[in-house]
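We count residues from 1, following the sequence as given. What you see is a predicted model; the values in this text were computed from it and never measured.
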Amino acid sequence: MLFEEKPGIGGQPLLDQRPKPKYTEFPDGMGSNPPAWIAFDKQVLCFHAYFEEEVPDKNQELYRIRHCKIYFYPEDDTIQVTEPHVLNSGIDQGTILRRHRIPLPPPHEDQFYTILHFNINIEVNFYSRIFKIVDCDLYTKNFLKKMGVRVNPPGTRPHDPYITQRRQRILESTNPVRPYERFDTLKQFLEYDGQVLGFTCAWNDPECLHYGPRELVLRYYLADDTIDIREVLPENSGRDVVPYFLKRDKLPKDAPTEMLQPGTITNYTLLNVLGKSERNKGYYIRDTLQTGAVRQEFYKDCDLKIGAVINVWGRKMVICDCDEFTKEYYRKKYGTVDFTPVQFKTPPPPEPEKPVPPYNGFGSEEDSLISCKKLLPQAPLKDYRKFLVKDRYGMESNTLRFGAKFITEDPIDKDRKFVISYFLSDDTISVFEYTERNTGIPGGRFLERGRIKKPGQELFKSELSEYYKAHDLFVGARVCFHGHSFLLVDADEYTFSYMEKNANEFPVADVGVLLMRLKDKTESRSKEIRKTFATTDPEQTNVIDYDTFRNWIVSVTGGAFSEHEIMTLGRHYGVRDDCQTDLTFLLAGAHEKLKKNGFENFDQLSAVFVYYDREKCGVLPYETCRTICKSFRLPLSDEVLETLLTGYEDDQKQVNYHMFVHGLNWRENQIRPVPTVKGRIKKQSDWSQIPTCPPVKMVKYLPLLDDLFGKEE
C-alpha cells in the first residue's frame, strides 16, 4: 500500500484523502455472503437509452437520434453499449462500447459506475457522450426495487426527424399501388417436409392385357404437392428396370390433348404496352386480372383415396391400398375410417406338394432330407442359439442326470445301476454303468453320447423320426434305448431344481398343475382326508414322514401320479433338514480357499455391510449380501457362497452379516481342517448312488390341505 493511500489513526481517512467505493454496492443479505461473481452470475440489467449525434456535413439533417441499449453486469460492474441495426442506415452499428468498467466523468475519474448510478429518466456520461435513459425491462425494475432504489417513471423516446419526415416519405412512395401477388409455400414446406403419402396402384396396360394389371407405387409429397410413381416389377417379367415410371412433379387432373408450348402456364401474365420501339425494346406491365391465363388443376391429397381412378397423362390408374402413415393422416385430417383395399392381384396357384423319398439308411435322416431339397449337398443346420444358451457355463452344467436300472427279470441284470445324462445343449443322451466289485461286469461307458430315437417307429419313411426330449425323462419314466429298457428311479439335486425352475417345460415338476389334478380327485373327500391325517399325527406336529405321504398320494390317486410328481410335491411341502449342509465343512473349505488367495479384507467387508444397513439392525437381504461379496471378488464358487449365505438366513430371508463375516474370518475364527483319508480313494459322485434317500424326511401336510381345500374354519 502506498503512503498516500494509507488511512489515519483508527482507519479514518485523512483530510486530503477520499474514500474509495467498494467493488459492488449491494444491500447485505441474510446468512453467508457469497462473492458477487457467484451471487450475480448470468444476470444482466438492460436499460433503453438514446444519444444525439451532430451531422455537420449534411444539409438534410442537423443531428441524428440514435437509439441504443445499455447492459450492466452486476457480477463485476462492467457495462456494454450496443445499437440495434437499422435497415439501410449507412452507419456502422452494433457494439458501441465493449464490455468493461467505465470510469465516472471528472472530477471523479478514479471511481467507476455502479448500479446505484443508473435509473430511468437520467443521463449518464460515457467518455464525454451523453446517454439519456428512457426505460428498462421488467427484470431490471424489480432488481432496482429490491435494492431500495425508487424507480422513476419511463420517459418518451424521441424520433429522428430525418427518418420520420424525409426517409419515411421516400419509402412510402416506392410501395406499389397494386402489390405483387405472393406465392408463399414456405409454411407448407416447414410443416410437411419429409412426410410422404404412399399408395399402391394398378394399371391395366392395353398392350399386354394377358399379363394382368401392372403394380405401381405412388408417392405424394405433402411439402410441395408433387407426385412420383415407381413400378414394381415381378420376377422374370421381361421388362426393363427404369428408375421412375413418372418423375416427381405436380400431376394435372385433365391432361391436355395437345402439348403446350413452354411458357404457356406461368404464375404471372404480362401485357405488351407499347410494342417494340426503334431500339427493339418493349415495355410490359403485370396484368392483375390474369387475362387469357391458362389455369390448370393439379391432384391434391383430398383427391387420392382407395378406389379412386386418377389420370396419369392419359393412363387410368386405380388406387388399391395405402400404408399405415397414410391411413393415420387421412384419419386425422379427413375423418376417413374405411380403408378396405381393392384386390387387383390374382391369387397365386397353390404350390405343388414336393414328395420326399423315404429314408434309404445312409447317413442321418436330416442329412438325407437336405440332399433332397438342394442340388448341392449341404450339412444340416444346427441350433447354435440353443447350444450357446444351454451349454455348460461355470457351475451351470445344463445336464440332467438320472439314476436308472434295467427292466428285466434276469437276476444278474436287474441289480445293475446306470446313470443317464441328458445334455440340454443338443438333446443328446449318454449312459454310464456304475461299477461294482465282484460282479463280473466292468462298468463304465454303456452308451455313447448321441440322439436316441423313440421305439416303435418305422425305419424307412419320409418323415423325420421322433427323438427323446428332456420332458420325456423323469423319475418313474420307462425308456427304451436301442432295445434296452430302463426305469428311471432317481435324479440329482440339480435335475430336480432345474425342472422346478422351468416348470413350463416339465409338467411333472409344475406344482400348480399337480395341485389341480390332486384337487379334482380329493375335493369330494376333504373331511375324510383331514381325519386320516389327524389320526396319522396324534401328537399334532403337523408333519408326517415322506413314506406315509407317498403311500397316501398313491392310494388317493390310484397310481395316476408318477414317482417324480410325488417327489415334486414332497419337496415343495417338505421340511428341509438343517443338517443336510454341514456349515463347518463348508467354512473349513472356504478358509482354505481364502488362505491360498491371501484374502484378509474382512474389516472392509464388514464396513461395507454396515454401510448398506441403513436401519442398523445387523441383517441384510440375501441379494444385497451376495452383490457385496461379488464386488470383493471372494475366491469362492457361486454354490459355496450361496450355501453359506443361506446358512446364516433367518425366517424373513435376512442374512446376519456379522456372523457371516465372523465365520469367514480365518484369522479370528480358526476351524480345524477336514481330516483326509490316506490311501487311494475311489472317486464317486453322490448322484451315482442308487437308490438314494428320499428327497425330504418329513412333509408338512397342513399347508397341503389348505391349498387343496382351503383353510379350515
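We find that Glu328 and Arg331 are joined by a salt bridge, their nearest charged nitrogen and carboxylate oxygen being less than 4.0 Å apart. The pair Arg626-Glu642 counts as a salt bridge, with a side-chain nitrogen and a carboxylate oxygen less than 4.0 angstrom apart. With salt bridges taken as basic N to acidic carboxylate O contacts below 4.0 Å, one links Asp472 and Lys454. A salt bridge is absent between Arg451 and Asp427: the closest approach of a Lys/Arg side-chain nitrogen to an acidic carboxylate oxygen does not fall below 4.0 angstrom. Salt bridge present: Arg571 and Glu500 bring a charged side-chain N and a carboxylate O closer than 4.0 Å.
When the shell of 6.0 Å around NZ of Lys593 is examined, it contains 12 or fewer heavy atoms from other residues, nucleotides or ligands. Around NZ of Lys521, the count of heavy atoms belonging to other residues, nucleotides or ligands within 6.0 Å does not exceed 12. Enclosure of atom NZ in Lys531 is not indicated, since only 12 or fewer non-hydrogen atoms of other residues, nucleotides or ligands lie within 6.0 angstrom.
At least one donor-acceptor pair closer than 3.5 Å links the side chain of Ser462 to the backbone N or O of Val356. Checking side-chain atoms of Ser364 against main-chain N and O of Asp367 turns up a donor-acceptor pair under 3.5 Å. The backbone N or O of Ser397 lies less than 3.5 Å from a partner atom in the side chain of Thr399, making a donor-acceptor pair. In this structure, the side chain of Thr326 does not engage the main chain of Cys322 through any donor-acceptor pair within 3.5 Å. Looking only at distances, a side-chain donor or acceptor of Asp537 sits under 3.5 Å from a matching main-chain atom of Asn542. Side-chain atoms of Arg230 come within 3.5 Å of backbone N or O of Pro243 as a donor-acceptor pair. Between the side chain of Ser368 and the main chain of Glu365, no donor-acceptor pair closer than 3.5 Å is present. Judged by distance alone, with hydrogens and angles left aside, the side-chain atoms of Asp391 form no donor-acceptor pair with the main-chain N or O of Phe387 at under 3.5 Å. Not a single donor-acceptor pair under 3.5 Å links the side chain of Thr495 to the backbone N or O of Ala491. The main-chain N or O of Phe402 is never found under 3.5 Å from a side-chain atom of Tyr422 such that the two would form a donor-acceptor pair.
When side chains are defined from C-beta on, Leu304 does not count as touching Leu197, because their heavy atoms never get closer than 4.5 Å. In this structure, Ile566 and Val554 have side chains that are in contact, with non-hydrogen atoms separated by less than 4.5 Å. In this structure the side chain of Leu216 never reaches within 4.5 angstrom of the side chain of Leu246, judged on heavy atoms. Put simply, the side chain of Phe199 does not reach to within 4.5 Å of the side chain of Lys305, judged on heavy atoms. At a threshold of 4.5 Å between non-hydrogen side-chain atoms, the residues Met567 and Tyr546 count as touching.
Phe446 and Phe418 have their aromatic ring centers within a separation under 6.0 angstrom. Here Phe549 and Tyr701 keep their ring centres 6.0 angstrom or further from each other. Taking the six-membered ring for Trp and the full ring otherwise, the centers of Phe506 and His564 sit at least 6.0 Å from each other. Taking the ring centroids of Trp552 and Phe533, they lie under the 6.0 Å cut-off.
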Item to check | Trace of the side-chain contact (heavy atoms from CB on, under 4.5 Å) decision for Leu705 with Ile529 | outcome: CA-CA 9 Å; Leu705 297 179; Ile529 293 174; 3.9 Å; yes
Checklist entry - Which is it for Asp638 and Lys630 under the salt bridge (charged side-chain N to carboxylate O under 4.0 Å, His left out) test, yes or no, and what are the steps along the way? => result CA-CA 9 Å; Asp638 293 341; Lys630 286 289 186 181; 2.3 Å; yes
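Taking the ring centre of Tyr221 as origin, the terminal cationic atom of Arg248 falls inside the region bounded by 6.0 Å and 45° from the ring axis.
When each of Arg416, Lys417, Arg445 is tested with Glu433 by the rule salt bridge (Lys or Arg N to Asp or Glu O under 4.0 Å), just one qualifies, namely Arg416.
Contacts classified as salt bridge (Lys or Arg N to Asp or Glu O under 4.0 Å) and involving residues 347-364 (residues at least two apart or in different chains) are not found.
The ring pair (Phe, Tyr, Trp, His ring centres under 6.0 Å) search around Tyr468 returns Phe481, not counting sequence neighbours.
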